[in-house]
Amino acid sequence: MTQDIASRTSDTFRAQRADLYLADETALAEKLISAARLSPEERAQTDALARRLTDAIRSGRTKEGGIDAFLQEYSLSSEEGVVLMCLAEALLRIPDGATADNLIRDKIGSADWDAHVGKSDSLFVNASTWGLMLTGRVVNLHEKTFESVTGFLKKMVNKSGEPIIRSSMLQAMRIMGKQFVLGRTMKEALKEGKSEEARGVRFSFDMLGEGAHTQRDADRYFEAYRKAVAELGEVRPHNGSDDIFARPSISVKLSAIHPRYEDAKRERVLEELVPRLAQLAVESRALSLGLTVDAEETERLEISLEVFAAVLADERLAGWNGLGLAVQAYQKRATAVIDGLAELARKHGRRLPVRLVKGAYWDTEVKHAQVEGHEGYPVFTRKVMTDVSYIACARKLLDDPASFYPQFATHNAHTVGAIRAIASPNTKYEMQRLHGMGEALYEEMLTNGFDADNPEGGDHVPLRIYAPVGSHEDLLAYLVRRLLENGANTSFVNRLADDDAPIEEIIGDPMEKAASLKSKPHPRIPTPHNLYLPRKNSKGVLLTDATAREPFMAGALKSVAEPITESAIIGGENDTSGAEHTITNPADRRELVGHITEASVEALERAISLSD
């Protein structure tokens with residue numbers, strides 16, 4: 001079975017992806033800049049729409065979202081923004097309360113909260129300034145209290161104790177989470193989304209939850225997805241429409257429904273995970289719902305494509321265009337992934353919904369490559385190159401409407417404008433945003449459309465909201481990713497809310513900016529090999545890439561094909577005078593590695609005498 005599944009993804013495109021996995025960033029950048037570069041006409045159209053959208057948001061004709069304002073006030077370029085992220089990370093990662101208390105006590109007293117109280121026009125931001133640090137509720141305090149926020153916070157810690165503050169922080173993070181999560185249950189989410197749905201907005205629902213660590217976790221998440229599909233189908237019975245792309249959809253994390261979703265367990269993954277995803281797809285099809293496989297870490301890309309290809313070939317799904325995949329533009333392999341998906345679409349006669357995203361695991365990917373000692377990075381080290389890659393990928397999707405239904409997930413006005421400029425008039429596609437993010441940007445488009453000259457008759461491209469659903473217990477990991485992704489000072493969401501940021505810089509052409517860079521890789525991010533110069537970092541093997549793994553494993557197996565016999569070498573000769581020991585594989589004691597003979601005391605004395 002597994003050999004048959006593997007054959008469903010072309011070796012040609014697999015090799016292309018392998019070549020791009022850790023590709024030289026300079027050479028790849030030149031190719032992508034050329035592929036993505038806008039024509040003069042496209043650039044003029046892009047600039048006009050991006051400028052109009054940005055001006056509309058800044059002029060106040062559209063309401064700035066609460067989270068957008070919050071991220072501007074507490075950007076990651078500010079000490080307080082970093083403090084908040086540290087506290088969020090503490091609640092997410094620190095297992096014991098005492099350690100979390102120590103960090104909270106340390107961080108509360110180190111930042112200048114006074115500078116943020118009452119400084120924002122957003123009630124949400126002002127409430128959060130107090131809520132995050134105190135009780136998670138809006139409180140009325142005496143006017144003198146505002147004169148020294150830091151002093152008041154320190155008194156609160158001293159009088160209440162760290163456990164009370166920790167509980168307050170957790171409650172505050174939950175309040176923040178409501179800005180990102182549409183509902184705790186599918187029924188609650190559907191109720192909350194009714195007003196947007198009435199305006200023609202579509203939804204893609206994601207059941208909150210990170211990777212499953214046990215089979216019990218995987219079973220629980222799998223049943224949660226099945227229940228969500230059933231509940232969504234009950235509320236939205238099939239209406240006779242053949243347009244699956246206009247229907248709601250479910251987004252599925254493969255790591256949530258299998259406890260060992262990794263390349264090292266490929267055989268098990270293909271045997272166990274493929275039937276699970278296929279079952280969800282079959283149930284979704286029966287209820288006229290779409291299903292999208294979410295993107296995860298780069299080391300899982302190849303196994304995810306194998307699983308996707310296997311499910312796509314399932315006879316029960318023949319003729320159904322509802323099975324889609326998310327593609328991350330910050331990966332160097334993104335364009336090759338799209339080429340491979342096009343081949344699959346043609347092979348099975350499908351039109352694949354492809355959600356193009358920029359990527360949410362950048363920090364993790366960079367650090368992992370450094371730890372593993374890889375030759376390069378699987379992602380671009382400059383944000384601008386991710387934007388370039390996104391446009392290059394968008395062109396591929398739009399140029400092949402027979403194979404793809406493009407779904408462009410972005411909160412960037414220039415990216416929105418570029419997609420509008422390069423898309424042919426009759427090409428069907430949609431835009432996407434995260435629930436709680438990019439509200440101002442898309443409110444302008446929903447209200448006035450794309451056509452700046454004729455807003456009343458403008459072309460209203462469909463909008464879909466990616467809406468997480470779940471309890472707050474599963475929220476923190478998702479929330480931290482969103483804050484990291486959009487809180488950085490390079491984020492469009494962050495810069496858009498900053499009235500001091502020049503509009504020309506915000507909506508600048510990424511291809512032109514990238515082309516002007518003297519160094520395409522970020523000069524302050526050395527390759528993993530050069531991380532500790534002048535000492536070279538230890539070199540690792542890219543085990544998730546078959547072209548690197550297979551030769552390595554073949555060599556390893558060859559080296560242990562015959563038992564190894566070793567002994568001390570003294571004076572150029574093997575010494576076998578000491579005790580002999582049998583060495584077995586620590587992972588499987590039945591496997592004999594070989595025999596080793598220790599040096600005797602006499603042999604050691606002889607070795608010492610030879611060194612004199």
Side-chain angles (χ1 to χ4, degrees), residues 6 9 11 13-29 93 210-211 213 254-255 258-270 295-307 328 330-334 336-337 359-382 385-386 389 484 519-561 564 583 585-588 591 593-594:
T9 55
D11 290 339
F13 293 108
R14 185 190 297 264
Q16 289 180 3
R17 293 192 297 269
D19 290 341
L20 292 174
Y21 202 146
L22 304 177
D24 176 74
E25 198 161 341
T26 299
L28 181 57
R93 302 185 186 281
E210 295 305 296
H213 296 293
L254 297 186
S255 62
H258 196 277
R260 296 303 300 272
Y261 173 51
E262 56 191 84
D263 196 77
K265 296 294 182 180
R266 176 177 172 276
E267 298 288 333
R268 180 181 169 187
V269 167
L270 296 179
E296 299 187 60
E297 294 86 351
T298 58
E299 62 185 19
R300 288 171 164 158
L301 176 62
E302 288 300 326
I303 191 68
S304 72
L305 291 175
E306 283 199 69
V307 171
Q328 297 170 309
Y330 72 178
Q331 283 199 40
K332 294 176 179 177
R333 294 175 286 176
V337 170
Y361 301 90
W362 186 88
D363 304 78
T364 300
E365 299 292 1
V366 169
K367 179 54 64 179
H368 182 72
Q370 292 172 345
V371 170
E372 294 298 316
H374 293 159
E375 294 181 1
Y377 294 103
V379 296
F380 297 102
T381 56
R382 286 190 188 267
M385 276 310 305
T386 295
S389 176
L484 280 171
S519 172
K520 297 302 186 283
H522 199 297
R524 297 181 62 185
I525 304 178
T527 60
H529 280 182
N530 296 325
L531 190 62
Y532 304 115
L533 288 179
R535 176 177 69 83
K536 284 284 187 178
N537 190 9
S538 54
K539 184 178 180 179
V541 178
L542 194 61
L543 295 175
T544 54
D545 176 20
T547 61
R549 178 182 67 250
E550 290 173 1
F552 174 80
M553 294 302 297
L557 291 173
K558 183 179 179 181
S559 68
V560 297
I564 301 170
I583 307 299
N585 180 353
D588 186 348
E591 293 184 6
V593 175

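Below, each value reflects all heavy atoms present in this structure, side chains not excepted, and no hydrogens, waters or symmetry copies.
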Please test Leu305 against Arg17 for side-chain contact (heavy atoms from CB on, under 4.5 Å), starting from the C-alpha separation and ending with a verdict.
CA-CA 11 Å; Leu305 291 175; Arg17 293 192 297 269; 3.5 Å; yes
How long is the span from the NE2 atom in His213 to the CZ atom in Arg260, to the nearest 0.5 Å?
11.5 Å
Hey, does Thr544 have a side-chain heavy atom less than 4.5 Å from the side chain of Glu302?
no
Any side-chain donor near an acceptor of the partner, Tyr21 and Gln331, under 3.5 Å:
no
What I'd like to find out is whether the side chain of Tyr361 reaches to under 4.5 Å of the side chain of Tyr330, using heavy atoms alone.
yes
When you compare the side chain of Glu262 with that of Glu299, does any pair of heavy atoms fall below 4.5 Å?
no
I need the minimum non-hydrogen distance between Phe380 and Trp362, along with the two atoms involved.
O-NE1, 2.8 Å
Answer whether the closest heavy-atom distance between the side chains of Asn530 and Asn537 falls below 4.5 Å.
no
For the atom pair CG (Leu301) and CD (Glu306), what is the distance rounded to the nearest 0.5 Å?
10.5 Å
So which atom in Ala369 and which in Pro378 form the shortest heavy-atom distance, rounded to 0.1 Å?
CB-CD, 4.1 Å
Atom pair CZ/CD of Arg333 and Gln328 - distance to nearest 0.5 Å
9.5 Å
Sort and list the pairs that fulfil salt bridge (Lys or Arg N to Asp or Glu O under 4.0 Å) and have at least one residue in residues 540-554, not counting sequence neighbours.
Asp263-Arg549
Closest non-hydrogen atoms of Thr547 and Ala18, given as atom of the first, atom of the second and distance, are OG1-CB, 3.7 Å
Is any side-chain heavy atom of Phe552 less than 4.5 Å from a side-chain heavy atom of Leu542?
no
With the side chain counted from C-beta on, respond yes when Ser255 and Arg300 share a heavy-atom pair under 4.5 Å apart, and no when they do not.
yes
Would you name the heavy atoms of Tyr261 and Glu296 that are closest together and state the gap between them?
CE2-OE2, 3.6 Å
Does Leu254 form a side-chain contact (heavy atoms from CB on, under 4.5 Å) with His258? I'd like the steps, not just the answer.
CA-CA 7 Å; Leu254 297 186; His258 196 277; over 6 Å; no
Closest contact, heavy atoms only, Ala334 versus Ser389
CB-OG, 4.2 Å
Between Glu375 and Lys539, is any pair of side-chain heavy atoms under 4.5 Å apart?
yes
Establish, from distance only, whether the side-chain atoms of Thr381 and Glu25 form a donor-acceptor pair under 3.5 Å.
yes
With side-chain hydrogen bond (donor to acceptor under 3.5 Å, both in side chains) as the test, would you mind laying out the steps for Glu365 and Thr298 before giving the verdict?
CA-CA 7 Å; Glu365 299 292 1; Thr298 58; 2.8 Å; yes
Any chance CZ of Arg535 has more than 12 other-residue heavy atoms, nucleotides or ligands included, within less than 6.0 Å?
yes
Distance in Å, Ile525 CD1 paired with Leu531 CG, rounded so as to fall on 0.5 Å steps
11.0 Å
Backbone N or O of Ala23 within a donor-acceptor pair of the Lys332 side chain at under 3.5 Å?
yes
Examine distances only and state if a side-chain atom of Arg382 and a backbone atom of Ser519 form a donor-acceptor pair shorter than 3.5 Å.
yes
Minimum heavy-atom separation for His374 to Pro528, with atom names?
O-CB, 3.0 Å
Just wondering, do Leu533 and Pro526 contact through their side chains at under 4.5 Å, heavy atoms?
no
